[in-house]
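All residue numbers refer to positions in the sequence shown, counting from 1. Each ligand, and each atom within it, is numbered from 1 in the order the structure gives.
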Amino acid sequence: MTDLQDARLTIDLDALASNYAALKSAAGGAEIAPAVKADGYGLGAARVADRLWQEGARSFYVARLSEGRALRASLGDRPADIHVLDGATPGSAAALEAADLKPVLNSLPQIEAWNSHARDGRRAASLHIDTGMNRLGLRLEEIKVLLGAMDRLKHVEIVQVLSHLACADTPDHPLNRQQLERFTEAAALFPQARRSLANSAGIFLGPDYAFDQARPGISLYGGGPTGVPDARIRAVATLEAPILQVRNLPRGESIGYGATYTATDNTRVAIVAAGYADGLPRAAHPRGAIWFDGALRPLLGRVSMDLLAIDITDCDAARPGAMVEIIGPNRLVDDAATAAGTTAYELLTRIAPRAQLLVRP
Ligand SMILES: *Cc1c(COP(=O)(O)O)cnc(C)c1O
């Protein structure tokens, strides 16, 4: 009997390096500061930061304090700026400083927390300017309050100002240009600070958006900047799983929970050892498909916790133990995500806690 393998997640670090180079060239002279939050979009923050550091990256973004501490520990004595997007609170300021993390200050109370934490000297931080996302950051009115009371910054050195684009993946959305204009205006109030606006998609909006530093995430990890595959971006993650069984589904019979699919003809089916516990969306979708033996094979019925079914009617190669490709160079993460009614971001960050991990090279 064939020995069945676990699902397998392969991380191609050369593809990551190639995406870093592609983004760097698209961003002109701007620094590339990778977003490695959410465990490097599910691919392993320590592993991706290690390779990106070798490629020349010296600034990284994480969301949480805990992610920043873990990244600092994994980088060891290699110098790097680690920016924490959650910012600083009275409870986190000391821990941020102890791990040499730079908060992205998002509000007047956060500025107060960072300022009052320091008793002497000035502690470096970034300032988040809200230019229209209305999620985090100071609005222009609040920046004017801040600049009218400079003692609020007595112990804070704003080394960088940043903002985040809401619609960069829709290049002709009018909010892009509006945010660019508001950012340019607000950033001018901090002439000493470096400026950072673009995420992956922002880099491709044009040279005006690059400023001093860009902060790409998804396109480092294989997602196209606008949610569809992009020839400049290579697949980094490949998720494969073995076929457990091949069977016939007679015409008129259904398959899987809820009997949501009924065969309109006699159908050859492969049952694959992967399901929503491996991070695949449960939602059945008419465009759902899995790559096997040179073609995309339609998903049949619902994805269950550990299993899914695909149509292999015209395929002779299917047998227990053969591996199918759920995400990878033949089934790009953007296409797999679209078919499941989600995004590459969500798909990658949910992948395969249970899969066996391989790292290349
Ligand atoms: C996550 C994040 C990024 C990276 O965005 P991508 O769309 O993945 O390139 C950049 N900046 C901020 C503030 C973020 O939260």
Side-chain angles (χ1 to χ4, degrees), residues 16 19-20 22-24 26-27 30-43 45 48-49 52 57 59-65 67-68 71 81-88 101-107 110 125-138 160-171 173 175-176 179-180 182-183 186-187 194-205 209-230 232-234 236-237 333-334 337 342-351:
L16 175 77
N19 293 340
Y20 174 83
L23 291 162
K24 196 168 168 62
E31 179 191 15
I32 296 295
V36 298
K37 60 197 183 188
D39 199 24
Y41 289 44
L43 307 187
V48 303
L52 292 167
S59 300
F60 297 91
Y61 282 85
V62 295
R64 307 272 119 87
L65 166 63
E67 295 175 338
L71 182 60
D81 285 337
I82 301 176
H83 303 280
V84 178
L85 290 164
D86 281 355
L101 307 174
K102 289 191 173 66
V104 175
L105 301 174
N106 290 304
S107 65
Q110 288 207 343
S126 298
L127 185 68
H128 191 156
I129 300 169
D130 175 33
T131 55
M133 174 81 101
N134 278 300
R135 220 172 43 165
L136 295 175
L138 279 78
Q160 183 171 272
V161 290
L162 65 85
S163 190
H164 195 37
L165 296 164
C167 302
D169 60 354
T170 310
H173 198 291
L175 192 51
N176 292 324
Q179 288 195 268
L180 175 65
R182 288 179 194 154
F183 182 63
R194 301 180 76 224
R195 296 177 292 172
S196 176
L197 178 63
N199 61 344
S200 301
I203 289 173
F204 295 100
L205 290 178
Y209 289 81
F211 291 99
D212 299 307
Q213 181 200 73
R215 312 180 305 269
I218 194 68
S219 291
L220 287 167
Y221 308 115
T226 62
V228 296
D230 185 297
R232 295 163 289 199
I233 301 301
R234 284 173 55 188
V236 176
V333 64
D334 289 303
T342 182
T343 61
Y345 298 83
E346 190 179 20
L347 210 51
L348 287 178
T349 51
R350 284 184 173 197
I351 270 185

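To the nearest 0.5 Å, atom CZ of residue Arg215 and atom CG of residue Leu85 are 7.5 Å apart. Ile351 contributes atom CD1, which lies 6.5 Å from atom CG of Leu43 (distance to the nearest 0.5 angstrom). Taking CD of Gln160 as the start and CG of Leu127 as the end, the distance is 10.5 Å to the nearest 0.5 Å. Taken from CD1 in Ile218 to OG1 in Thr226, the straight-line distance is 12.0 Å, to the nearest 0.5 Å.
Between Tyr41 and Tyr345, the two ring planes are tilted [angle within 30° to 60°].
Within the 3.5 Å criterion, the main-chain N or O of Ala344 finds no donor-acceptor partner in the side chain of Asp334.
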Sub-3.5 Å pairs, protein N or O with ligand 1 N or O:
unit_1: ligand 1; atom_1: 7 (O); unit_2: Asn199; atom_2: ND2; d: 3.1
unit_1: ligand 1; atom_1: 7 (O); unit_2: Tyr345; atom_2: OH; d: 2.6
unit_1: ligand 1; atom_1: 8 (O); unit_2: Tyr41; atom_2: OH; d: 2.6
unit_1: ligand 1; atom_1: 8 (O); unit_2: Ile218; atom_2: N; d: 2.8
unit_1: ligand 1; atom_1: 9 (O); unit_2: Ser200; atom_2: N; d: 2.8
unit_1: ligand 1; atom_1: 9 (O); unit_2: Ser200; atom_2: OG; d: 2.6
unit_1: ligand 1; atom_1: 9 (O); unit_2: Gly217; atom_2: N; d: 2.8
unit_1: ligand 1; atom_1: 11 (N); unit_2: His164; atom_2: ND1; d: 3.4
unit_1: ligand 1; atom_1: 11 (N); unit_2: Arg215; atom_2: NE; d: 2.9
unit_1: ligand 1; atom_1: 11 (N); unit_2: Arg215; atom_2: NH2; d: 3.2
unit_1: ligand 1; atom_1: 15 (O); unit_2: Lys37; atom_2: NZ; d: 2.6

